[in-house]
Amino acid sequence: MSDARRALPSVNALLESEALRPVLERAPRGVVVDAVRRTIDAARTAPASVPRDDTAWAAAVAEAVDASTRPSLRPVINATGVVLHTNLGRAPLAHAAIEAIARVASGFSNLEYDIAHGARGSRYTHCAALLRELTGAEDALVVNNGAAALVLVLNTLAARREAVVSRGELIEIGGSFRIPDIMEKSGARLVEIGTTNRTHVDDYRRALTSETGVLLKVHRSNFAVEGFVAEATAAELASVARDRELPLLHDLGSGLLLSLADYGLSGEPTARDALRAGASVVTMSGDKLLGGPQAGIVLGTHDIIDRVRKNPLTRSYRVDKLTLAALEATLALCREPERAMREIPVLAQLTTDRDALRVRAERIARQLAGAPVRVDESDASVGGGAFPTARIASIALSIGGDATTIERRLREGDPTVVARVRDGRVLLDLRTIFPAEDERVVTAIRAALA
Ligand SMILES: *Cc1c(COP(=O)(O)O)cnc(C)c1O
C-alpha cells in the first residue's frame with residue numbers, strides 16, 4: 001500500500017475538519033457526506049491525485065458538492081448558428097414574456113375566472129383575441145405543443161374516419177415524431193395519396209369518400225424536394241374541400257406570424273396566408289418562428305375551434321398559465337412588427353445585420369490577442385423546422401488548435417458553450433450568441449485554450 005493511500009482520511013475526520021466548515025454551511029449535510037465519500041473513493045482509485053492537506057481535500061469535496069447541487073436544467077450559450085435549436089430549448093423568450101411569467105407565477109390569477117361576471121371562466125379565452133387579430137382567424141385555441149394541436153384536431157375531425165394526406169408530406173419532424181404515427185394515435189385512418197415527389201389535386205379529389213373526415217396538408221418544415229416535383233397548393237385543396245363540404249387542416253409547423261421576406265427569408269406562408277388560402281383550421285408551434293413559449297396553436301372557424309375545445313382529449317393537452325402569460329406577451333409584441341423584430345430574440349437573431357456581428361466578433365478577437373482566434377464568415381440557419389434550405393450570412397470566431405479538445409472544453413465549461421467543428425477548426429457563430437454573452441464567451445475561450 002502506498003503512503004498516500006494509507007493517509008486517506010476517514011469520512012468523519014474530513015467532515016469535522018475546519019476546512020470543510022464553509023461547505024457544510026452552504027449545502028445540506030447529506031449532500032456533503034455523499035460528496036466526502038465519493039471524494040475519498042476517487043482518491044483510493046487514483047492515488048496519484050490524492051489531495052495533499054485539509055484545504056485541498058475541502059476543495060475537492062466542494063467541487064463534488066457543486067457538481068451534485070448544480071441544477072440539471074441550466075442555461076447554455078448557443079454558438080451553433082442554428083437559431084431554433086430544439087436540443088437547446090428552441091426560442092429564448094422576450095423580456096416582456098419573462099415579466100409576464102413572473103407576474104402570473106408569483107400569485108393567483110384569473111386563469112379560469114371571469115372577472116366581469118364573478119364566475120367561472122375559461123383558460124382558453126386568454127390568447128384568443130390576440131390570435132384572431134394577428135391572423136384573421138375566426139377563433140383560436142392554445143394547447144401544450146404543436147404535436148398536441150395536430151392530434152387534437154385530427155381526433156376531433158376524423159376519429160374513425162379517413163384523413164387524406166400526400167405521400168410527399170408523411171414526414172418525420174425529429175425526436176421520432178412522425179406524422180403517420182401521430183395520425184394513427186389520433187384515431188384517424190390514414191389515406192395516403194400521390195407519390196413521394198408528385199401529388200396532384202386530382203389525387204385528393206379521387207380519394208374522397210363518404211368516410212373522409214379531413215384533408216390534411218403538412219408543411220415540409222425540415223427538408224426540401226427538388227427536381228420532378230408537384231404538389232397541390234393550399235388554395236387548390238381548399239377548393240376541393242369546399243366542394244365536398246370537408247374541412248382542410250393545414251399543419252404549418254413553424255408558425256410564422258410576421259413575414260420575414262424583407263430579411264431574405266421567403267417562401268413560408270404566414271398563418272394569415274394559410275387561412276386566407278382557405279384552410280378551415282391551421283396548427284402551429286409557439287416556440288418556433290413565433291419566438292414564444294412551447295405551445296400548440298389552433299386557428300380556425302368558430303365551429304371547428306368550438307368542437308376542439310369541447311373534445312375531452314383537450315384536457316390532456318391543456319396549456320399552463322405560465323405558457324399563456326408568455327404567449328400573450330409575445331403576441332402583443334407582434335402587433336408592432338418592427339418592435340417584434342427587435343424584442344423577440346428569435347426574430348432579432350434572424351434579422352441582425354452581418355456587419356453588427358462582425359463588429360462584435362472583432363472586439364472579442366482583440367480581447368483574445370495572441371490566441372489562435374480569427375474572424376471568419378459563416379452560414380447560420382433558422383433550424384426548428386423552418387426555411388430548411390436558407391443559409392443566413394453570418395460571422396464566426398474561428399479557433400485553431402486541437403478542435404476536438406477545444407470543443408469539449410467549451411462544452412464542459414461553466415457556462416456550457418455549444419460550438420461546432422468545421423474543417424478542423426472550432427466555430428462560434430455570433431448570430432446565436434447574445435451580445436450580453438460576449439464577455440463570457442471571451443472567458444470561456446481563454447479557459448478552453450489554457
Ligand atoms: C415542429 C412541427 C410539429 C410539432 O410541433 P411541436 O411544437 O414541436 O410539438 C408538427 N408539424 C410540423 C410540420 C412541424 O414542423
Side-chain angles (χ1 to χ4, degrees), residues 82-93 127 131 140-155 157 163 165-186 188 190 199 214-225 231 234 237 248-257 260 265 267-271 273-275 277 279 281-300 308 313-314 316-320 322-324 326-327 330-331 346 381-390:
V82 180
V83 176
L84 287 167
H85 203 306
T86 300
N87 301 157
L88 303 185
R90 287 201 188 151
L93 294 179
C127 291
L131 283 167
L141 178 76
V142 181
V143 292
N144 243 334
N145 57 22
L150 182 57
V151 172
L152 274 176
V153 175
L154 282 170
N155 179 267
L157 298 178
V165 64
S166 160
R167 291 197 170 86
E169 296 173 4
L170 291 174
I171 61 179
E172 175 174 309
I173 309 293
S176 54
F177 169 53
R178 290 179 165 173
I179 294 288
D181 298 341
I182 280 279
M183 292 180 69
E184 192 190 314
K185 289 288 175 203
S186 76
L190 176 63
T199 304
V214 69
L215 278 77
L216 171 62
K217 184 162 185 61
V218 183
H219 182 59
R220 280 198 207 97
S221 49
N222 49 10
F223 70 112
V225 285
E231 75 177 290
L237 290 191
L248 169 65
L249 160 57
H250 195 163
D251 175 19
L252 268 190
S254 183
L256 198 55
L257 277 196
L260 295 170
L265 293 167
E268 299 238 352
T270 62
D273 293 337
L275 290 162
V281 55
V282 163
T283 57
M284 61 187 219
S285 296
D287 55 353
K288 291 183 179 173
L289 282 173
L290 178 50
Q294 178 189 302
I297 296 170
V298 188
L299 305 164
V308 177
L313 198 54
T314 299
S316 331
Y317 298 123
R318 86 174 180 183
V319 65
D320 175 56
L322 305 185
T323 304
L324 286 168
L327 184 62
T330 308
L331 292 170
V346 166
S381 60
V382 181
F387 299 102
T389 55

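In this text the structure is predicted, and so the values were computed from the model without any measurement. Counting convention: from 1, in listed order, for ligands and their atoms alike.
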Checking E184 now: which residues fulfil salt bridge (Lys or Arg N to Asp or Glu O under 4.0 Å) with it, not counting sequence neighbours?
none

Answer whether the closest heavy-atom distance between the side chains of L216 and M183 falls below 4.5 Å.
yes

Under 4.0 Å from a heavy atom of H219: which atoms of ligand 1 are those, numbered in the order shown and with their elements?
13 (C)

Tell me which donor-acceptor pairs under 3.5 Å the side chains of residues 144-154 have, and how far apart each pair is, sequence neighbours excluded?
residue: N145; atom: OD1; partner: A147; partner atom: N; Å: 3.4
residue: N145; atom: OD1; partner: A148; partner atom: N; Å: 2.8

Under-4.0 Å heavy-atom contact with ligand 1, by part of K288 that carries it:
side chain

Ligand-residue contact atoms, ligand 1 with A147, heavy atoms, under 4.0 Å
4 (C), 5 (O), 6 (P), 9 (O)

Hey, does the side chain of S254 reach the backbone of L256 with a donor-acceptor pair shorter than 3.5 angstrom?
no

Are D251 and ligand 1 in contact, using a heavy-atom cut-off of under 4.0 Å?
yes

For ligand 1, which part of R90 has a heavy atom less than 4.0 Å away: the side chain, the backbone, both, or neither?
side chain

Just wondering, do V143 and V308 contact through their side chains at under 4.5 Å, heavy atoms?
no

Which ligand 1 atoms are under 4.0 Å away from a heavy-atom of G146?
5 (O), 6 (P), 7 (O), 9 (O)

Are the side chain of R220 and the backbone of G168 linked by a donor-acceptor contact shorter than 3.5 Å?
yes

For atom 7 (O) of ligand 1, the protein heavy atom that lies nearest, with its residue and separation
S285 OG, 2.6 Å

